[in-house]
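Note sheet for the following structure.
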Amino acid sequence: MAQLGRLFGPAALLPRSYEEVDWTRERLSSTAQDEAPPKVLPAYGHPLLRDPALDGRLFWAGAETSPLEGGLLGSAVQSGEHAARLVLTRRAAEGRGGCRSGRAGGGHSHPAMRVMRAATLSKGSQLVTSRR
């Protein structure tokens, strides 16, 4: 509740109702196989998904692209910050402005970094592109 209040203001602290869904019990969204532990763990953070593609015009970001704790929200944020740093580094190298600080987040003033951080926090997985 405190987090909702910080994000959406005091009105969010007074919900009209609360609903919780156990998606594993929903017939159309879960199967018996979903309850079995995985036989193998997916390979997260493949280098092809961490490096820019299409001549540096396409940058991938998301929980599955992070080599650290793939699949989790924290890895999505880390991956988004990594992609944003790549975009800003590329822009700086092209002389189109870049990152004033070497670190993403934490009150960063560059609009691209603020947008990137907000997107990774709200959606968890993003496709980031850089225009030429």
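Note that this is a predicted model, so its numbers are computed, not measured.
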Of all the heavy-atom pairs spanning [X] and [Y], show the shortest one and how long it is.
X	Y	answer
A12	L4	CB-O, 3.6 Å
Y44	S66	CB-O, 3.5 Å
A63	L72	CB-O, 3.6 Å

Rounded at 0.5 Å granularity, tell me how far [atom1] in [X] sits from [atom2] in [Y].
X	Y	atom1	atom2	value
E64	L49	CD	CG	9.5 Å
W23	S30	CH2	OG	11.0 Å
R6	L13	CZ	CG	10.0 Å
M1	L14	CE	CG	7.5 Å

Next item on the list: With the side chain counted from C-beta on, respond yes when F59 and R90 share a heavy-atom pair under 4.5 Å apart, and no when they do not.
Entry: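 When only atoms from C-beta onward are counted, R90 and F59 do touch, with a gap below 4.5 Å.
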
Next item on the list: Kindly indicate whether the side chain of P52, heavy atoms from C-beta on, has any atom under 4.5 Å from the side chain of L86.
Entry: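 Answer yes - side chains close enough.
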
Notebook entry, point to check: Are the side chain of R25 and the backbone N or O of D22 linked by a donor-acceptor pair below 3.5 Å?
Noted result: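 No: the side chain of R25 does not pair with the backbone of D22.
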
Margin query: Checking one residue: L28. Which other hydrophobic residues are in its cluster under the side-chain 4.5 Å linking rule?
Written below: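 Grouped by the 4.5 Å side-chain rule, L28 forms a cluster of one, so the answer is none.
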
Notebook entry, point to check: Is it true that the side chains of S79 and T65 contain a donor and an acceptor less than 3.5 Å apart?
Noted result: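 Side chains of S79 and T65: pair found under 3.5 Å.
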
Item checked: Residues, nucleotides or ligands: over 12 heavy atoms within 6.0 Å of E26 CD ->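 Enclosed: over 12 neighbouring heavy atoms sit under 6.0 Å from CD of E26.
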
